[in-house]
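All ligand and atom numbering here is 1-based and tracks the order in the structure. Sequence positions, counted from 1, serve as the residue numbers for this chain.
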Amino acid sequence: MSFITEIKTFAALGSGVIGSGWVARALAHGLDVVAWDPAPGAEAALRKRVANAWGALEKNGLAPGASQDRLRFVATIGECVRDADFIQESAPERLELKLELHSKISASAKPNALIGSSTSGLLPSEFYESSTHPERCVVGHPFNPVYLLPLVEVVGGKNTAPEAVQAAMKVYESLGMRPLHVRKEVPGFIADRLLEALWREALHLVNDGVATTGEIDDAIRFGAGLRWSFMGTFLTYTLAGGDAGMRHFMSQFGPALQLPWTYLPAPELTDKLIDDVVDGTSEQLGERSISALERYRDDCLLAVLEAVRTTKEKHGMSFSE
Ligand SMILES: NC(=O)C1=CN([C@@H]2O[C@H](COP(=O)(O)OP(=O)(O)OC[C@H]3O[C@@H](n4cnc5c(N)ncnc54)[C@H](O)[C@@H]3O)[C@@H](O)[C@H]2O)C=CC1
Ligand SMILES: C[N+](C)(C)CC(=O)CC(=O)[O-]
């Protein structure tokens, strides 16, 4: 079984927050991009999002020939995928919608073109059920902003060929990403399972009146958030055990896990909780627009990525280690 891994044309279906991020990343890597989205005004919104990201992409370095002009927006799914070498779906997170969409995408696509879905946690075995040639279908779960963050979780379903997972990882690497093969197909994969646990606890803290949304964000961004960009929780906690490392850490802090500090089941999303979260984050946003905040976030991310890259180099490490 062989799949296309040298790609020239990238197809994006769904061009909201994530789809537009894929479009921007693919354009910045010098590809032709064909996009489709059924919403009225979707083309203008997509071009605006790509333009807002382009400054950061220029600072990060564009591939030869990279241009926003190489984006073509089309009116049908068939036109979008027919000549594509790689297809990425970023439609709303609803199982029935993705199931129907993928049966159409796969029926019109070249049989050896890989198909990736951006789903945050739905199972590929389920939403690729009625796809043509399901052996080339994978999940490629990215992180927002897709055009800057390297991680993409790659997950196969029960019908996915192991070679397709490897081929998709190669394609994502060619787009400057750091693929992580999620070897077991589980809801939420690896990263969102972790992020959701944090998110549930944050909502409990707001719901219980312990902290505002701003205070919780401060607790993350001035502490663990800084060290997470270069060292994960396991290695960080190994250092927290001192010279005796993880064994001492486990004996000292393991018992706290039984107290428990965390609630894990999600709080009920009452109108009050939703209002508290929305009001709190509006106050944090202040007078800034979403686009201005995106540009600020992108500049911070570029600086962090550069700092991590050069520090790793000094220690003889490559960026993906
Ligand atoms: N927003 C995030 O932080 C992340 C989202 N994802 C995943 O990416 C996917 C897209 O999410 P977002 O971009 O956030 O949503 P979004 O709501 O920003 O965009 C979804 C887009 O899909 C379009 N759409 C509606 N019906 C469609 C259909 N039948 N076929 C194709 N497109 C259709 C909408 O017009 C909209 O432009 C979801 O599967 C989500 O779980 C993955 C990583 C992060
Ligand atoms: C909230 N979310 C589940 C859609 C988040 C993701 O899937 C990844 C991210 O970018 O945080």
Side-chain angles (χ1 to χ4, degrees), residues 11-25 34-50 52-53 73-81 84 87-109 115-124 126-128 131 137-155 172 177-180 182 186-203 217 220 225 228-229 266 269 277 281 290-291 293-294 297-298 301:
L13 297 108
S15 59
V17 173
I18 295 305
S20 60
W22 280 112
V23 168
R25 180 177 275 278
V34 191
W36 172 80
D37 188 301
E43 178 174 4
L46 167 60
R47 291 192 187 277
K48 196 170 157 202
R49 283 204 198 91
V50 171
N52 198 48
F73 195 90
V74 295
T76 64
I77 296 173
E79 275 178 275
C80 186
V81 303
I87 295 157
Q88 185 78 28
E89 165 272 310
S90 308
E93 189 76 333
R94 296 206 299 276
L95 180 61
E96 289 311 315
L97 184 152
K98 288 201 195 276
L99 187 66
E100 195 190 329
L101 182 60
H102 278 293
S103 84
K104 292 181 186 159
I105 293 173
S106 59
S108 300
I115 300 176
S117 168
S118 300
T119 181
S120 296
L122 298 176
L123 299 180
E126 294 179 1
F127 64 79
Y128 285 129
S131 291
C137 298
V138 301
V139 164
H141 175 226
F143 291 79
N144 188 37
V146 179
Y147 50 89
L148 291 183
L149 290 186
L151 182 63
V152 55
E153 293 182 304
V154 183
V155 196
Y172 289 128
M177 301 182 89
R178 169 62 160 80
L180 179 65
V182 178
V186 291
F189 318 133
I190 298 172
D192 274 351
R193 197 158 154 182
L194 298 171
L195 290 173
E196 192 176 292
L198 183 71
W199 178 228
R200 270 196 302 253
E201 289 309 315
L203 290 177
D217 279 358
I220 294 169
W228 272 332
S229 64
L269 289 182
V277 170
T281 47
I290 294 285
S291 312
L293 197 63
E294 281 173 343
R297 173 203 61 192
D298 291 354
L301 277 175

- Heavy-atom distance to atom 26 (N) of ligand 1: which of Ala191, Ser90, Ala45, Pro92 wins? Pro92
- Query: Who's closest to atom 7 (O) of ligand 2 heavy-atom-wise, of Asp192, Leu195, Thr119?
  - Reply: Asp192
- Message: For a 4.5 angstrom cut-off between non-hydrogen side-chain atoms, does Phe73 reach Asp37?
- Response: yes
- Query: Quick one: which ligand 1 atoms are inside 4.0 Å of a heavy atom on Leu101?
  - Reply: 30 (N), 31 (C)
- Query: Heavy-atom contact under 4.0 Å between His141 and ligand 2?
  - Reply: yes
- Closer than 4.0 angstrom: is that true for some heavy atom of Glu100 and an atom of ligand 1? no
- Task: Enumerate the atoms of ligand 1 whose separation from the nearest heavy atom of Thr119 is less than 4.0 angstrom.
- Result: 39 (O)
- Task: Would you mind listing which atoms of ligand 1 come within a distance below 4.0 Å of any non-hydrogen atom of Gly14?
- Result: 22 (O), 32 (N)
- Query: Just which atoms of ligand 1 are under 4.0 Å from any heavy atom in Glu93?
  - Reply: 38 (C), 39 (O), 40 (C), 41 (O)
- Query: Got a protein heavy atom sitting under 4.0 Å from atom 1 (C) of ligand 2?
  - Reply: no
- Message: At less than 4.0 angstrom from any non-hydrogen atom of Ala39, what atoms of ligand 1 do you find?
- Response: 35 (O)
- Task: Heavy-atom contacts with Pro142 under 4.0 Å: which atoms of ligand 1 show up? List them by number with element.
- Result: 43 (C)
- Would you indicate whether the side-chain heavy atoms of Ile77 and Glu89 approach each other to under 4.5 Å? no
- Message: Suppose I only count heavy atoms of Gly16 and a 4.0 Å limit; which atoms of ligand 1 are within that range?
- Response: 13 (O), 18 (O), 19 (O), 21 (C), 37 (O)
- Note on the structure: Check: of Phe143, Phe127, Trp36, min heavy-atom distance to atom 30 (N) of ligand 1 comes from Trp36
- Any nitrogen or oxygen of Glu89, main chain or side chain, under 3.5 Å from a nitrogen or oxygen of ligand 1? no
- Message: Considering Pro38, Ser120, Cys80, Pro145 one by one, which has a heavy atom nearer to atom 27 (C) of ligand 1 than any of the others?
- Response: Pro38
- Query: Applying the side chain to side chain contact (heavy atoms under 4.5 Å, CB included) test to Thr119, which of Lys98, Arg94, His141 qualifies?
  - Reply: Lys98
